[in-house]
Amino acid sequence: MTLHSPQFEARLRSAARRLIRENAQLRREWKRAPRTPLVRQTAVLVIFRLLCAFVLAAAVFASSEAGLVWSTQSAIGAIWFLASAILLRFRILNTFYRIDYLAAFTVLPTPTDVVVRWNWSRVTRSAWRTGLDAVAILSAMAVTNAAGVGGWLAVLPLAALLTALVHALAVWLTFVPLPAVLNLLPLAGIVAFVGLVEASAWREWLVRFLAEQSETISIALPAGWVLRPYLAWLTSSRLESLALLIPALGLGASLVWARRQLANHYSPFAWALWHVFQMPPEEWKARFDEFLAAQPAPPGRTEILDSVEKREFLQPSFKADAGGWIERRVLACLTPREWTVIELAFFAIPRWTRLALIGSGLLAVSILSAAIAKRTTDPSIQAIGTWTSIVCGAVGGLVLLPLNTGFKRMAQPINAGGILIPFGALFPVTMKELMRVAAKASLVRGAFALPVMVVGGSLLGLALNTSPGWAAFAAAKITLLAVASTPMILALNQSSTTNDTSIVTFRALPVVGAFLAGFIGFVGLGVGSIFSPLPWSIIWIMLAAGISAGMASLYGELHARRSFDLMTRPKET
Amino acid sequence: MKIELRAVTKRFGKTRALDKVSLEFNPGEIVAVLGPNGAGKTTLLRCLAGIAGPDEGEIYFDDRPLRRDDLELRQRFFFLADFPFLFWDQSVLRNIGITLRLYGADGTGAEHRVLDLMRDYDLLPLAASPASSLSRGQAYKTALTSLITANPEVWLLDEPLASGMDPLGLSAFKRHARAATVQGRTVIYTSQLLDAVERFSDRVCVIHNGEVRAFDTLENLRAKSADRANVLEELFRTLRSESQ
């Protein structure tokens with residue numbers, strides 16, 4: 001049994017077209033009927049991917065031009081393909097657990113193995129992206145190292161191996177719980193990389209870091225097991241690296257096993273039934289019954305009547321003393337109307353204090369790791385310490401700072417008769433109200449983060465033997481920038497489900513251009529402010545805050561004027 | 001509240017979902033919006049609710065142009081999609097509670113109104129149940145309870161007669177809608193059920209290919225029709241024959 005029969009669909013299509021050709025009215029309606037702009041979507045995807053492949057190849061050329069050690073090239077590729085594997089891991093899960101497809105399968109007589117095969121075919125079709133990246137980097141290596149015929153002939157087989165390896169890694173990663181924020185890591189990595197390259201003070205550090213760590217990176221990360229032996233072969237140095245091909249082949253071959261494991265653990269119908277139809281399958285039912293038995297008895301008619309009479313359901317569900325310090329301070333700043341808005345946006349009390357504590361803990365680990373790495377002479381401990389410090393510092397900062405507003409739920413798309421409408425669209429809540437509540441929450445979170453960041457920054461400065469004063473000041477500026485970014489982030493979040501459904505007018509283009517310019521301006525001024533002395537740094541931060549507020553105002557005004565729709569393009573009008 | 005659409009055009013790509021539509025809805029009337037699939041009925045409701053913005057023309061509520069940041073105006077109408085938006089992880093009562101607070105309709109006496117409506121719609125036993133455990137009809141009844149208690153001036157309802165509500169629920173809905181119009185509320189709804197529409201509408205708006213083809217009382221439409229007993233069906237047959 002297969003879900004897709006090209007022959008049958010072709011027969012149906014030609015029969016339908018024959019009928020349409022024979023009838024003038026049907027011909028007119030056929031022309032008017034909306035169709036998925038498949039060619040345009042594919043073209044955008046291919047152009048974007050070619051751009052990615054170009055950036056990857058350019059990074060290899062740049063490292064060669066800069067005269068960096070040869071293993072830098074494989075380190076760049078190894079990091080790139082690790083990020084690819086993480087993104088692919090999320091794509092696989094999104095494909096396998098896409099709720100609208102699963103909901104359709106639950107009412108069709110479809111065996112699970114057929115669904116699995118169908119999903120694999122969709123995932124496999126996207127393998128060309130990794131393949132293209134692999135060809136790009138291997139070709140760049142071949143050019144920079146003046147490869148002979150043999151070197152060029154090896155590009156395609158090695159690209160295939162690299163693609164299989166990345167896919168295997170991605171499938172294995174589906175068994176590891178990863179926070180969704182890791183989706184942003186590649187983008188954050190590119191911004192950080194550009195910042196490092198642009199700042200002369202850090203460029204030296206980056207060059208030194210690559211010189212010292214590229215060996216470790218290209219051995220530690222799986223894609224390096226293919227890239228490093230290839231480079232070794234091209235440059236005829238360190239031929240013992242060829243042994244790395246053995247684990248690479250092993251991991252690549254494990255793709256078959258990984259896929260089988262995922263298929264074995266896949267229970268789409270249980271998931272879909274549970275979430276869509278609320279009818280747990282038998283094996284879940286027993287557990288659910290046990291759970292229900294342990295719960296207190298549901299309220300009886302008298303209790304319900306009593307509760308309604310007492311107006312309990314009209315009272316705020318967030319108690320003033322609920323949650324941690326940050327949540328309590330935020331709630332204390334809100335008006336009764338804003339209290340209702342925050343309940344609509346979150347429904348359960350946000351966990352900002354817990355996030356802040358986790359972020360602070362990670363920063364402490366980052367400082368400690370940096371101090372150990374700086375004081376030890378053992379190169380392996382240095383490498384582990386440096387990497388732990390970087391990862392914990394980056395993740396800790398992301399968690400501690402008010403970068404994740406949490407108001408994304410308001411923009412969460414809800415399926416309403418075939419179109420997607422943002423959750424908040426059907427409720428009488430304005431963008432201004434949402435902005436005000438988000439700004440208040442961000443200020444309180446920023447007030448908590450500021451002393452932690454300043455102390456953390458100065459300690460990190462001490463650990464790295466740089467000026468603790470400069471590091472503390474930089475940390476304070478990062479915190480201010482994070483707070484200042486709130487309106488921009490909220491506008492970007494909300495705009496993710498607002499659309500120009502007209503399309504033909506292209507009226508969205510100037511807005512997208514303005515947003516892009518604003519975003520680049522904010523990032524540029526932010527990076528500039530960190531490396532600028534007083535008073536320029538404060539001026540840059542204020543300008544960045546102005547850009548962020550300006551973007552939010554522009555979006556708010558367009559939103560108010562209904563310049564775009566709070567829905568995707570409908571199939572039926 | 002008087003609602004006026006002035007030459008409203010809404011395009012989705014090359015498709016004109018609404019083509020220079022001009023309409024006026026008066027307070028205290030029930031208007032059914034009819035039309036074949038893809039005619040532009042739901043788009044009309046979405047434009048009225050501010051979810052979709054017109055490409056040309058404007059919509060006025062009491063001569064006031066609709067803006068999404070006009071909270072006072074926004075609280076005067078309630079759009080109920082054919083599958084209502086609920087907070088699925090929250091109880092029925094909590095759902096009603098937050099909607100009423102957002103509409104500023106949680107004043108004294110709201111609890112009694114809610115109780116009466118929950119009795120009417122057989123929701124009392126489900127009051128503490130999570131919305132996720134409701135059937136489609138029960139979910140619609142929950143949203144209707146919020147709507148009727150919020151008492152907005154304009155009710156915008158997408159396919160309420162095919163919402164999965166049981167006959168008693170439908171009957172209660174019609175009764176409440178009729179009572180609301182007596183208070184000057186306007187009820188605008190879409191439907192495909194011509195028999196029900198004939199019994200439950202003051203005026204009928206027929207849309208075809210984004211254009212308003214008829215907007216009149218049923219009496220006037222009957223007077224113009226050859227088949228007086230099945231005036232709406234006759235209208236649809238005419239539209240279909242025109243198309244072919």
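Residues passing the salt bridge (Lys or Arg N to Asp or Glu O under 4.0 Å) test with A:R337 are A:E433, sequence neighbours excluded.
Put simply, of A:S307, A:P316, A:G556, A:A24, the one with the most heavy-atom pairs under 4.5 Å next to chain B is A:P316. Contact count versus chain A (heavy atoms, under 4.5 Å) is highest, among B:P125, B:A127, B:A52, for B:A52.
Checked against A:P428 for a side chain to side chain contact (heavy atoms under 4.5 Å, CB included), the options B:R68, B:E72, B:R74 give a single hit: B:R74.
For the atom pair B:D69 CG and A:R561 CZ, the distance stands at 10.5 Å (nearest 0.5 Å). Here the CD-CD distance, from B:Q90 to A:E343, works out to 9.0 Å after rounding to the nearest 0.5 Å. The CZ atom of B:F79 sits 6.0 Å away from atom CD1 of A:I421, with the distance rounded to the nearest 0.5 Å. Rounding to the nearest 0.5 angstrom, the gap separating the CG atom in B:D106 from the OG1 atom in A:T340 is 7.5 Å. The CD1 atom of A:I304 lies 6.5 Å from the CG atom of B:L124; values are rounded to the nearest 0.5 Å. Interatomic distance, CG of A:D565 versus CZ of B:R46, reported as 9.5 Å (0.5 Å rounding).
With a 4.5 angstrom heavy-atom cutoff, B:L73 does not touch chain A via any of its atoms. Proximity to chain A (any heavy atom under 4.5 Å) is shown, for B:A49, by neither the backbone nor the side chain. Neither the backbone nor the side chain of A:P336 has a heavy atom closer than 4.5 Å to any heavy atom of chain B. Neither the backbone nor the side chain of B:R136 comes within contact range of chain A; no heavy atoms are under 4.5 Å apart.
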**Request:** Would you sort out whether B:V114 and A:F313 count as a side chain to side chain contact (heavy atoms under 4.5 Å, CB included), showing the intermediate values?
**Result:** CA-CA 10 Å; B:V114 168; A:F313 72 108; 3.8 Å; yes
**Item:** Test log, rule salt bridge (Lys or Arg N to Asp or Glu O under 4.0 Å), inputs B:R67 and A:E557
**Value:** CA-CA 9 Å; B:R67 274 179 68 94; A:E557 183 56 26; 3.1 Å; yes
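Considering only heavy atoms from C-beta on, A:L344 comes within 4.5 Å of B:F87 through its side chain. No side-chain heavy atom of A:L314 sits less than 4.5 Å from a side-chain heavy atom of B:I96.
Between A:F427 and B:F78, the distance from one ring center to the other does not fall under 6.0 angstrom.
For A:R562 (side chain) and B:L66 (main-chain N/O), a donor-acceptor pair under 3.5 Å exists by modelled atom type.
Smallest separation of non-hydrogen atoms from A:V308 and B:E111: O-CB, 3.2 Å.
Between A:F423 and B:F85, the ring-plane angle classifies as parallel under the 30° and 60° cut-offs.
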